[in-house]
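Side-chain atoms are counted along with the backbone in the values below, which use heavy atoms only and exclude waters and symmetry mates. In what follows, chains carry the letters A, B, and so on, assigned in the order in which the sequence lines appear, proteins first and then strands, with residues in each chain numbered from 1.
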Amino acid sequence: MPRLDLIVPLALAAAACQPPPASGTSASAASVERGKRAIERVGCAACHTIQGIDWPRGRTAPQLAGVDRRGLIAGRLPARPDVLAAFVRDAPSLVPETAMPAMPLSETEAMDVAAFLLAGGD
Amino acid sequence: MLEGWPPPILDPAGPYAWPVTVLSWVLLAMAAAVLLVVFAALWLALFGGERARQRVGGTRIVWLGGIVFPLVVLTALLVYGLTLTASLSERIRGDEMRVRITGEMWWWRVAYLDGDGQPVIHDANELHIPVGEPVVLELESADVIHSFWVPRLSGKLDMIPGRRNLMRIQADEPGQFGGQCAEYCGGPHALMGFVVIAHEREAFERLMAARRAREAGPPPAGDPRGAELFASAGCAACHRIAGTDANGLAGPDLTHIGSRKTLGAGILPNNRGTLMGWIGNSQAIKPNNRMPPYTMLSAAELRAITAYLEEQR
């Protein structure tokens with residue numbers, strides 16, 4: 001017997017958290033490029049294989065490809081650029097049991113990293 | 001790619017690097033000039049007038065251009081090169097600071113030596129030096145031939161099994177200088193990096209005093225669960241942490257891992273995230289390095305070991 005009390009709110013949450021529209025809110029190319037450099041500087045790819053980053057291709061944490069088409073971050077947070085930026089900077093504050101630690105990124109760098117991930121690694 | 005690695009190769013920062021850089025440019029200029037002369041002669045031979053073609057076709061040009069010209073140019077270059085780089089092979093005084101660096105597949109063992117040549121501080125993949133003073137490196141190898149190269153501070157010198165090669169480096173400004181193994185040594189040779197950090201004299205003395213005290217004294221408490229896991233997961237079989245039961249010598253010394261700038265031998269920045277990633281699965285980062293993946297550790301266990309290692313400074 002599926003647990004409706006669990007499924008219904010989750011489905012509602014998922015429905016409310018569609019990925020951002022492709023046009024209009026897309027980040028600037030400069031931000032995407034800065035995001036790539038920030039990812040390389042702090043070494044996100046030591047754990048994640050990331051679309052658009054050639055090396056390393058970490059396998060300790062989930063692969064980050066098609067992030068722009070994902071409904072949820074860490075399976076529970078809406079995949080909005082601001083939420084993703086907050087998550088990459090200080091994941092445990094949003095999802096306490098996550099294995100992902102806070103990373104040495106400034107707020108603007110975190111926005112750039114989110115822009116890069118949501119741009120699909122271009 | 002980690003900032004500053006691979007290191008720039010034509011940007012000298014000390015007296016043992018600039019002659020190499022100058023010589024590189026002179027060689028390049030000389031080669032370019034010779035190439036121009038050869039192409040000019042070729043152009044004359046193909047498209048020149050009758051007189052010009054005869055001139056580049058005779059035996060005279062072979063004697064002059066083929067024997068006399070190279071002899072003069074190469075002799076001049078040899079004398080110039082040897083004069084320019086004479087300081088690199090000057091006698092070592094013997095009172096310089098000494099560090100033994102041993103090339104291993106695919107990282108560097110570092111031991112700071114006292115006046116009697118005995119190791120007093122153990123580290124890996126990173127070297128701290130004072131600004132403006134020559135430091136003598138005893139370069140050795142534990143397995144195959146490696147080559148020590150920090151391009152902004154010196155030329156290359158091979159690390160040969162069974163031999164001890166001496167080399168001097170010096171940095172004239174504080175900063176971080178990347179290095180790279182320059183002799184193919186198998187597998188992840190390209191990911192065998194190094195970093196030299198030059199400090200002002202006072203800061204350098206403080207750092208060395210702290211490290212000497214740490215090597216002789218008790219270890220920092222650290223995360224007790226992490227310490228336990230470090231032992232039970234088998235880390236201590238290959239890694240040493242001074243003052244603890246961890247005394248493995250097969251892998252890099254971790255006594256000062258928490259303050260190290262890089263992970264994986266100079267190739268990744270050192271922070272909590274990269275340290276977790278390295279422990280979790282270093283094979284995905286540096287394929288075929290000798291540390292196995294630890295995919296059996298849970299997130300909480302990985303966090304505890306990382307927290308413990310971050311305390312080891």
Side-chain angles (χ1 to χ4, degrees), chain A residues 33-65 67 73-76 84-107 109-110 112-114 116-117 121, chain B residues 1-6 106 176 178 188-193 195 223 226 229 258 260-289 291-310:
Chain A
E33 182 54 38
R34 284 197 304 272
K36 182 175 185 181
R37 281 203 303 275
I39 285 173
E40 289 169 340
R41 185 179 64 75
V42 300
C44 307
C47 292
H48 301 277
T49 294
I50 304 173
Q51 196 174 344
I53 303 287
D54 294 335
W55 177 88
R57 292 168 173 267
R59 288 197 291 264
T60 299
Q63 215 176 26
L64 299 179
V67 178
I73 299 165
R76 66 164 66 174
L84 185 54
F87 186 80
V88 298
R89 186 155 181 256
D90 190 1
S93 73
L94 296 174
V95 182
E97 66 278 19
T98 182
M100 176 159 159
M103 292 298 284
L105 291 164
S106 72
E107 269 175 50
E109 280 175 325
D112 294 336
V113 168
F116 178 84
L117 294 175
Chain B
M1 205 58 68
L2 177 64
E3 257 179 290
W5 185 85
W106 293 271
Q176 213 168 303
H189 151 76
L191 296 175
M192 183 171 166
V195 57
D223 183 308
L229 280 162
R260 223 174 267 163
K261 301 277 184 203
T262 69
L263 290 179
I267 57 169
L268 270 182
N270 182 11
N271 57 52
R272 185 170 296 179
T274 54
L275 188 50
M276 287 175 83
W278 178 267
I279 298 167
N281 194 343
S282 66
Q283 292 298 326
I285 299 167
K286 186 166 173 171
N288 295 326
N289 87 81
M291 175 158 159
Y294 282 84
T295 44
M296 74 293 275
L297 294 173
S298 71
E301 290 171 329
L302 206 49
R303 251 199 311 257
I305 292 184
T306 306
Y308 171 68
L309 289 178
E310 279 180 337

Original post:
side chain to side chain contact (heavy atoms under 4.5 Å, CB included) between A:Ile53 and A:Phe116: does it pass, once the steps are laid out?
Top reply: CA-CA 10 Å; A:Ile53 303 287; A:Phe116 178 84; 4.1 Å; yes
Subject >> Chi angles and distances behind the side chain to side chain contact (heavy atoms under 4.5 Å, CB included) call for B:Asn289, B:Trp278 >> reply: CA-CA 11 Å; B:Asn289 87 81; B:Trp278 178 267; 4.0 Å; yes
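A:Trp55 contributes atom CH2, which lies 5.5 Å from atom CG of B:Leu191 (distance to the nearest 0.5 angstrom). Here the straight-line distance linking atom CG of B:Leu297 with atom CZ of B:Arg303 works out to 12.5 Å at 0.5 Å rounding.
If you tally non-hydrogen atom pairs under 4.5 Å between each of B:Thr274, B:Leu263, B:Asn270 and chain A, the highest count goes to B:Thr274. The candidate with the highest count of non-hydrogen atom pairs below 4.5 Å against chain A, out of B:Gly273, B:Pro293, B:Ala299, is B:Gly273. Note: A:Ala46 leads A:Pro56, A:Ala102, A:Ala46 in heavy-atom pairs under 4.5 Å with chain B. Of the listed residues (B:Thr306, B:Leu302, B:Asn281), the one with the most heavy-atom contacts under 4.5 Å to chain A is B:Asn281.
Only the side chain of B:Asn271 has a heavy atom closer than 4.5 Å to any heavy atom of chain A. A:Thr49 does not touch chain B: none of its heavy atoms, backbone or side chain, sits under 4.5 Å away.
Summarising the local packing, CD of A:Glu107 is surrounded by 12 or fewer heavy atoms from other residues, nucleotides or ligands at distances under 6.0 Å.
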